Amino acid sequence: MLRLYPLKIRKLLPVKARQRLYDTLLSRFRKADDPRAGVITPDDFFMAGEDLESSLDLVAICRSPKS
């Protein structure tokens with residue numbers, strides 16, 4: 001579906017049709033269980049404030065401005 005974005009064709013589709021297409025594609029790709037996913041635990045992740053250039057995952061904590 002995102003392939004259609006550069007041509008702006010995606011904007012011609014109604015929101016309901018885009019949502020249905022997205023849900024269909026997502027469920028199709030999630031049917032097969034990936035055995036690698038079962039071995040991932042929270043211990044595989046850690047928080048650090050340095051060496052961000054070599055990070056695979058970045059986390060941002062955003063808060064609304066104080067008034």
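Everything quoted here is computed from the prediction, not taken from an experiment.
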Got a donor-acceptor contact below 3.5 angstrom from the D23 side chain to the R20 backbone?
no
Distance col, row T24:OG1 vs Q19:CD, nearest 0.5 angstrom, shows 9.5 Å
Roughly how far, to the nearest 0.5 Å, is the OG atom of S55 from the CZ atom of F46?
7.0 Å
Taking all non-hydrogen atoms of both residues, which atom of V39 and which atom of D44 are closest, and how far apart?
O-OD2, 3.7 Å
